[in-house]
2 protein chains.
Amino acid sequence: MRQDGSGIDLELSVGYRLKVATSALHAAMEEVLRPLGLTITHYSTLEQLAQRPGVSSSDLARGTFVTRQSMSTVLQTLAAAGLITRADTAAHGRALPVELTAVGRERLAAASAAVLAVERRMLADVDEPGLIALRDLLDRCTRALRA
Amino acid sequence: MRQDGSGIDLELSVGYRLKVATSALHAAMEEVLRPLGLTITHYSTLEQLAQRPGVSSSDLARGTFVTRQSMSTVLQTLAAAGLITRADTAAHGRALPVELTAVGRERLAAASAAVLAVERRMLADVDEPGLIALRDLLDRCTRALRA
DNA sequence: TGACGCATGACAGGATTCTGACATACATTG
DNA sequence: CAATGTATGTCAGAATCCTGTCATGCGTCA
């Protein structure tokens, strides 16, 4: 317990619990992705590519919450592993569209299954109304912070 | 939307929303802590010290979700800034108790106020029952992942 | 008493990420 | 048409953090 009332009680702070939950999720995801040779950032990039084929590196960076520079190296790694291909000429502007290869799609399928299992484990003790409430509450927090 | 049903729909994934919310919170906290010359890890360390004076570096590392090595450098920085003191001899075992200085307490008070404002902003659109539900849901997720 | 497990702290090395800066390409606006 | 703003990609450098490793100190147990 606290000695004074001026600070933040970590036991009541939503921010701290957010960090704790995210940390646990991060660790669980790393654990299941490591056997597949993927980091969380790699997986996240592949997942985005599956949902939005042909996006630019900068788009991927924004969706993955890393800088453009970091995404550039991530794409180099994924390309070297044969999981993605990147156009060498820009059809419009400077953006070089990125696409999944067949191998990339396979690897992503395995990774998605593993991550989905983690998500289900995380939500094992949450019923359907709770799930809906959780999504809504997290969205409210995000919107309020961005406003 | 998805082209196939094999992957994870980011729009429905709780894990992704957790990441989005945490990212927004992280950015907001960095913004208010920067003028105080503190990083989030620094602030988190000071906050833990206020609630549990005399803890070891390793304890702080666990509570802040960094490695012992990183916490060691954090403590060096905080000590150089005069915000903490670290015993040079171990009263028991090898643990060197860490304590806040008066300056550290002052700085922490300012940081806590700033972070508390961010937390309130994040929860501006959440009522009391929602707050209780959010805490409970996050705890459930964390427990389920650790099991 | 001695062996073992466990935790803490510190050091070296490497990997990853970020900050800052610059050139290019398109859209907008005067 | 020229100027400006915005967005992308890339290079160089620095900062940060982690992995691997080792020595020390305490507790437990045979």
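Everything quoted here is computed from the prediction, not taken from an experiment. Each chain gets a letter, A, B and so on, in the order its sequence line appears, and its residues count up from 1. Hydrogens, waters and symmetry mates are skipped; everything else that's a heavy atom, side chains included, is used.
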By side-chain hydrogen bond (donor to acceptor under 3.5 Å, both in side chains), which residues pair with [X], not counting sequence neighbours?
X: B:T22; answer: A:T22
X: B:T85; answer: none
X: A:R17; answer: B:D139

> A:M71 CE to C:dT16 P: how many Å, rounded?
Replying inline: 14 Å
> C:dT16 P sits how many Å from A:L78 CG, rounded?
Replying inline: 12 Å
>> Return a single string for nucleotides 3-14 of chain C, one symbol per nucleotide in 5' to 3' order, where B is base contact, S is sugar-phosphate-only contact and - is none, cutoff 4.0 angstrom on heavy atoms.
In response: -----BBBB---
> If only side-chain N and O atoms of A:S70 are considered, is one of them under 4.0 Å from the OP1 or OP2 phosphate oxygen of C:dC18?
Replying inline: yes
> So where does chain A start and stop touching DNA chain D, 5' to 3', when the test is distance under 4.0 Å to a non-hydrogen atom?
Replying inline: D:dT8 to D:dC11
> Can you list every pair that meets salt bridge (Lys or Arg N to Asp or Glu O under 4.0 Å) and has a residue in residues 62-78 of chain B, with sequence neighbours left out?
Replying inline: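 As it turns out, the salt bridge (Lys or Arg N to Asp or Glu O under 4.0 Å) pairs with a partner in residues 62-78 of chain B, which skip direct neighbours, are B:D59-B:R62.
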> Is there any salt bridge (Lys or Arg N to Asp or Glu O under 4.0 Å) pair reaching into residues 20-45 of chain A, and which pairs are they, with sequence neighbours excluded?
Replying inline: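 Of all non-adjacent pairs touching residues 20-45 of chain A, none passes salt bridge (Lys or Arg N to Asp or Glu O under 4.0 Å).
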> Looking only at atom types and distance, does a side-chain atom of A:R86 sit under 3.5 Å from a main-chain N or O of A:E99, one as donor and one as acceptor?
Replying inline: no
> Taking only residues two or more places apart in sequence or in another chain, which ones pass side chain to side chain contact (heavy atoms under 4.5 Å, CB included) with A:A144?
Replying inline: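 Side chain to side chain contact (heavy atoms under 4.5 Å, CB included) list for A:A144, sorted by chain: empty.
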> Could you give all pairs that pass the side chain to side chain donor-acceptor pair (under 3.5 Å) test and reach residues 126-136 of chain A, with sequence neighbours left out?
Replying inline: A:D136-A:R140
